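Read through the structure below, which is laid out as structure tokens, and then see the notes.
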Amino acid sequence: MQSDLKRIVSKLHSGMRIAVPVDYAGVSMALTRPMIEAGLRDLDLVCVPTGGLQVDMLVGAGCVRSVETSAVSLGEAGGAPRFNAAVKEGSIKVIDATCPAVHAGLIAAQKGSPFLPLRGLIGTDVLANRPDWKVIDNPLSDQKDPVVLIPAIHPDVAIFHAPMADRHGNVWIGRRRELAPMAYAARETYVTVDRIVEGNLLADEMTGAGVLPALYVSAVAEAPKGAWPYGLWGEYPADVDELKRYAAAARTQEGFDAYMSETAQQGEPA
Amino acid sequence: MQSDLKRIVSKLHSGMRIAVPVDYAGVSMALTRPMIEAGLRDLDLVCVPTGGLQVDMLVGAGCVRSVETSAVSLGEAGGAPRFNAAVKEGSIKVIDATCPAVHAGLIAAQKGSPFLPLRGLIGTDVLANRPDWKVIDNPLSDQKDPVVLIPAIHPDVAIFHAPMADRHGNVWIGRRRELAPMAYAARETYVTVDRIVEGNLLADEMTGAGVLPALYVSAVAEAPKGAWPYGLWGEYPADVDELKRYAAAARTQEGFDAYMSETAQQGEPA
Amino acid sequence: MSNVLPREILITTIARLLEGVRHVAVGASSPMPAAGAMLRRALDENERTVRLSILGSVEHNFFTNGSCELFDSAGQGRIDAFFLGGGQIDGQANVNLVGVGDYPQVKVRWPGSFGSAYLYFVVPKVILFREEHTPRVMVEKVDFVSAPGVSDPEVYRPGGPVALLTGKGLFSFDKTRPGFTLESTHEGESLASIREATGFAFEHADSVPETPAPDAATLELLRTRVLDELEETYPAFAADWRRDLAALSVPA
Amino acid sequence: MSNVLPREILITTIARLLEGVRHVAVGASSPMPAAGAMLRRALDENERTVRLSILGSVEHNFFTNGSCELFDSAGQGRIDAFFLGGGQIDGQANVNLVGVGDYPQVKVRWPGSFGSAYLYFVVPKVILFREEHTPRVMVEKVDFVSAPGVSDPEVYRPGGPVALLTGKGLFSFDKTRPGFTLESTHEGESLASIREATGFAFEHADSVPETPAPDAATLELLRTRVLDELEETYPAFAADWRRDLAALSVPA
């Protein structure tokens with residue numbers, strides 16, 4: 001199991017652009033520490049569409065070059081301390097987005113299209129700070145009708161956690177459909193799951209309806225409760241106390257370092 | 001049950017733009033004859049992305065003004081006789097598309113975007129005959145890079161058949177996800193189902209994963225085996241003999257009229 | 001002393017602002033907007049279906065297409081009302097969710113713009129809701145525009161702000177001017193106290209009324225059905241409310 | 001007389017054309033392309049995974065996002081090979097799936113272009129496959145271009161035609177010229193017979209070889225494993241094939 005996680009991490013390299021999901025959609029916390037231990041550097045993270053603990057830890061551990069995101073926070077546990085500090089220091093580049101723009105970029109990649117148009121945005125400082133986004137006049141309108149084009153987002157890798165997968169590599173993502181465009185858009189997709197099940201999840205219409213097919217999945221590793229301290233929809237709730245404990249500790253870099261080394265041997269919770 | 005179908009048909013009007021699914025995705029054959037009996041005229045059909053028996057019957061019965069589609073056929077049973085005859089006579093307008101363009105138009109509407117760009121198409125006579133599609137030079141590219149813009153498709157109504165719905169109006173569409181963009185894009189969506197189930201399909205992660213939520217569903221009517229003679233995924237196969245019987249009869253308008261009146265009293269099959 | 005809690009006046013005001021809506025979406029940690037929407041639903045029960053989508057809630061989640069579905073359905077015109085907060089809100093209803101100081105190396109960094117840069121444009125009734133009403137929140141001009149209050153006429157914008165509700169009062173927004181008008185002050189506040197707490201100029205009538213409290217029937221609905229419904233998703237908030245209600249009933 | 005059936009030579013040829021692919025998509029009623037892909041998968045078993053998606057099949061369907069997923073995954077570069085037929089195919093590899101005569105009121109109407117106007121551009125190896133090889137199919141110029149054989153250099157086109165396989169022979173396609181080259185003639189055919197059946201000009205070597213039959217090991221694989229696999233999705237085609245095999249084994 002740990003070796004499966006290490007095998008996945010061995011496929012990751014410094015400088016990669018990595019897409020990770022929103023806190024409630026299935027964050028592969030199980031891969032976070034192995035990524036840090038592997039000494040990855042200069043990662044460009046794409047939060048789909050917002051980030052949390054995983055992003056904050058990777059930033060705190062010095063793995064991150066840039067974060068494209070619509071927000072980073074620890075939710076109920078407050079702001080993301082290492083992320084916020086790094087932004088203020090200018091030690092990472094933050095590329096502010098808005099949620100539907102992240103989705104639009106991934107769906108453009110899903111469709112093999114160069115961009116997707118998105119309403120809104122005009123007049124915002126979000127747009128003003130995105131030289132990669134472009135305002136054009138809607139070519140299908142007779143009237144002046146400015147609209148923003150969001151270029152396709154092609155991550156090198158997508159990483160997430162899900163309840164289950166089968167041995168064929170089919171992953172059950174249920175109604176968390178945003179995980180599918182992440183995988184469609186990425187070159188490689190690595191998934192941790194609470195459990196590996198027998199049989200073929202595609203063989204049945206009911207389970208098949210919630211499956212990301214193996215076609216898009218590079219590797220799966222079993223990691224029970226691998227979203228902890230985040231929760232996993234339909235499986236277990238977030239461990240808010242642990243999130244708060246992290247939030248308090250990580251207010252300083254020293255506190256963060258201490259938290260990370262104290263919890264290093266801890267592994268998954270009982 | 002028949003009254004539920006009639007209630008749905010009473011919401012449809014001549015001149016409406018109606019989206020219908022591909023033959024294997026869940027065609028509401030149960031609504032076809034009530035639509036014909038209601039005397040609807042000048043319908044603009046949008047096939048998602050191709051059409052078959054339902055389209056051919058509506059054309060044969062004189063209900064249709066135009067068909068936007070990537071293809072119309074009866075599959076194994078051959079060409080679509082009334083559609084083909086109407087195209088040759090010029091009595092309907094055929095708006096030829098290509099499958100991903102129909103999807104692109106619906107997804108643009110799903111996203112509230114004015115258009116979606118689509119690769120391919122350049123140099124085809126499909127494009128040459130679509131004044132509503134527009135080639136632009138990709139504004140995000142430094143080089144000349146022509147790309148086609150497909151405008152959003154906003155049907156007045158989407159109609160399809162699914163295995164089940166609950167009493168809240170949630171419809172289980174399983175992995176036939178194209179039914180969701182049809183409903184997202186349409187102003188109203190009417191669904192027939194093989195069965196109404198107790199409980200709430202959204203309450204469980206497993207069933208919820210395959211649900212089109214009631215938010216997008218205007219009305220549901222129970223119509224057991226309502227896709228017949230088409231099949232329904234996971235439920236029953238297509239009745240190819242019946243499709244062939246129709247195909248043979250409908251070679252002429254007289255044969256079509258005879259088939260329709262012979263089978264009028266038949267209702268659903270045993 | 002009133003026998004109505006300040007939060008009950010806020011919730012009732014929210015419900016009033018939601019009059020006529022069919023589908024309200026509420027952020028994950030927004031108990032008062034959720035309570036306002038639940039009250040609206042209860043009040044309208046026999047007239048229309050009011051849907052309430054609470055992001056991140058299992059019970060109140062009508063979505064099955066991942067986190068993009070909220071934005072898609074807003075783009076389709078299926079969401080009538082939404083709430084926005086903001087670290088800073090200015091007199092033109094610009095909202096800042098990003099930070100204080102010079103972007104990108106801001107002095108104070110907040111989480112980020114979330115979906116505001118889109119939803120503010122497409123949801124017909126956006127209600128600005130922020131309890132803290134101080135000059136550092138209600139500013140003359142935001143440091144970063146996550147979402148602008150108004151747009152040029154050629155910009156596609158079926159949506160936008162209709163009101164600003166704070167812990168001190170209720171403003172309406174006039175996009176033609178553009179600017180806020182103080183509609184009412186909450187119990188204990190005055191035009192003067194609000195002017196002092198507000199960094200932007202606003203209009204007002206010569207005499208500004210007090211924000212109305214709920215009538216008895218509404219208050220009853222609020223303290224029974226709405227409070228019970230709210231408890232499922234926001235147990236901590238509901239417990240606080242119950243505690244405050246218990247304190248109210250102790251004779252003064 | 002050969003002890004190899006004509007369809008077995010076609011299937012073997014398809015498998016050869018699919019060398020090196022990882023994911024082949026096949027239309028719903030395309031038993032021979034499916035068999036060719038199954039043979040390729042069997043031949044490559046120890047070297048690589050060859051995926052076969054058969055549209056409309058439950059057993060061979062890796063898709064869960066509706067009918068747009070084929071096009072999406074092709075656009076992502078995840079589909080290496082696809083087959084196209086055509087009511088008309090011309091010497092520039094243009095394909096017509098719409099009809100004969102002046103569009104739109106054609107004399108003969110076929111179903112329509114399906115996804116060809118997109119897939120022909122983005123799938124790296126498109127194999128044109130049409131058993132009927134007559135002047136009415138293999139035309140000088142198609143009446144309607146559902147999908148063009150070649151595109152101007154500025155057009156995004158990672159994909160396109162690589163070969164044309166018919167009941168009479170195999171052509172390769174050179175997009176720089178552009179045009180077809182006759183690579184081999186099937187048993188019983190000749191350059192002359194093919195020229196007579198073909199409405200467009202094509203290149204050829206001085207001496208055109210015969211399309212090779214499968215070797216014994218391949219033939220064995222074809223008649224056991226591939227035939228068994230095929231039976232699930234194409235029972236009628238498999239039954240025909242078995243009947244013809246039984247007839248073959250009757251001594252002449």
Side-chain angles (χ1 to χ4, degrees), chain A residues 21-25 47-51 69-76 79-80 83-85 87-90 93-104 106-107 118-129 138 143-147 173-181 233-234, chain C residues 28-29 55-58 61-72 74-75 92 94-101 103-123 142-160 236:
Chain A
V22 59
D23 52 12
Y24 54 78
C47 302
V48 184
T50 62
T69 191
S70 306
V72 180
S73 94
L74 299 179
E76 275 188 77
F83 171 81
N84 288 349
V87 169
K88 274 182 258 180
E89 287 164 19
K93 184 178 177 196
V94 59
I95 304 166
D96 270 286
T98 188
C99 305
V102 178
H103 294 301
L106 292 173
I107 287 168
L118 185 67
R119 292 302 191 182
L121 281 172
I122 293 167
T124 67
D125 286 331
V126 181
L127 175 64
N129 287 283
N138 175 5
Q143 292 171 338
K144 192 164 163 56
D145 178 22
V147 65
I173 60 170
R175 60 181 112 177
R176 299 272 33 117
R177 302 291 306 184
E178 66 264 64
L179 300 174
W233 34 277
Chain C
S29 12
L55 310 183
S57 148
V58 172
N61 178 3
F62 302 117
F63 294 147
T64 58
N65 195 30
S67 60
C68 74
E69 189 171 354
L70 167 69
F71 308 103
D72 287 358
Q92 304 228 338
N94 295 311
V95 168
N96 174 6
L97 298 161
V98 161
V100 179
Y103 185 85
Q105 268 181 267
V106 287
K107 284 182 302 199
V108 178
R109 170 79 199 191
W110 298 315
S113 301
F114 291 97
S116 65
Y118 180 75
L119 293 175
Y120 211 27
F121 288 78
V122 299
V123 176
V142 296
D143 290 356
F144 183 98
V145 179
S146 286
V150 293
S151 299
D152 289 340
E154 74 265 20
V155 173
Y156 177 85
R157 184 152 198 186

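Only a predicted model underlies this, so the values are computations on that prediction, with no experimental measurement involved. Just so we're on the same page: letters track the sequence lines, and every chain starts at 1.
A distance of 9.5 Å separates CG of C:Asp143 from CG of A:Asp125, quoted to the nearest 0.5 Å. With rounding to the nearest 0.5 Å, the separation of OG in C:Ser146 from CG in A:Asp96 is 7.5 Å. C:Ser113 OG to A:Leu127 CG: the interatomic distance, rounded to the nearest 0.5 Å, is 11.5 Å. Atom CD1 of A:Ile122 is separated from atom OH of C:Tyr156 by 12.0 Å, given to the nearest 0.5 angstrom. In this structure, A:Arg176 CZ and C:Thr64 OG1 are separated by 10.0 Å, a value rounded to the nearest 0.5 Å.
Between A:Val87 and C:Pro104 there is no side-chain heavy-atom pair separated by less than 4.5 Å. With a 4.5 Å cut-off on side-chain heavy atoms, A:His103 and C:Asp72 do not count as touching.
Smallest separation of non-hydrogen atoms from C:Val155 and A:Pro146: CG2-CG, 4.1 Å. Across all non-hydrogen atoms, the minimal contact from C:Arg109 to A:Lys88 is N-CE, 4.3 Å.
In this structure, chain A has no heavy atom under 4.5 Å from any part of C:Val150. The part of A:Glu89 that comes within reach of chain C is its backbone (N, CA, C, O), which places non-hydrogen atoms under 4.5 angstrom from that chain. With a 4.5 Å cut-off on non-hydrogen atoms, A:Ala97 touches chain C through its backbone but not through its side chain. Neither the backbone nor the side chain of C:Tyr120 comes within contact range of chain A; no heavy atom of the residue lies under 4.5 Å from a heavy atom of that chain. In this structure, chain C has a heavy atom under 4.5 Å from the side chain of A:Asn129, while its backbone stays farther away.
For C:Glu154, the CD atom is densely surrounded, since the number of other residues' heavy atoms within 6.0 Å is greater than 12.
Interface remark: of the candidates C:Gly101, C:Ser67, C:Cys68, C:Ala74, C:Ser67 forms the most heavy-atom pairs closer than 4.5 Å to chain A. Note on C:Phe114, C:Tyr118, C:Phe71: by heavy-atom pairs under 4.5 Å with chain A, the leading option is C:Phe114. Contact tally against chain A (heavy-atom pairs below 4.5 Å) for C:Phe144, C:Phe63, C:Trp110: the top residue is C:Phe144. Chain A forms more heavy-atom pairs under 4.5 Å with one residue of C:Gly99, C:Pro111, C:Gly112 than with any other, namely C:Pro111.
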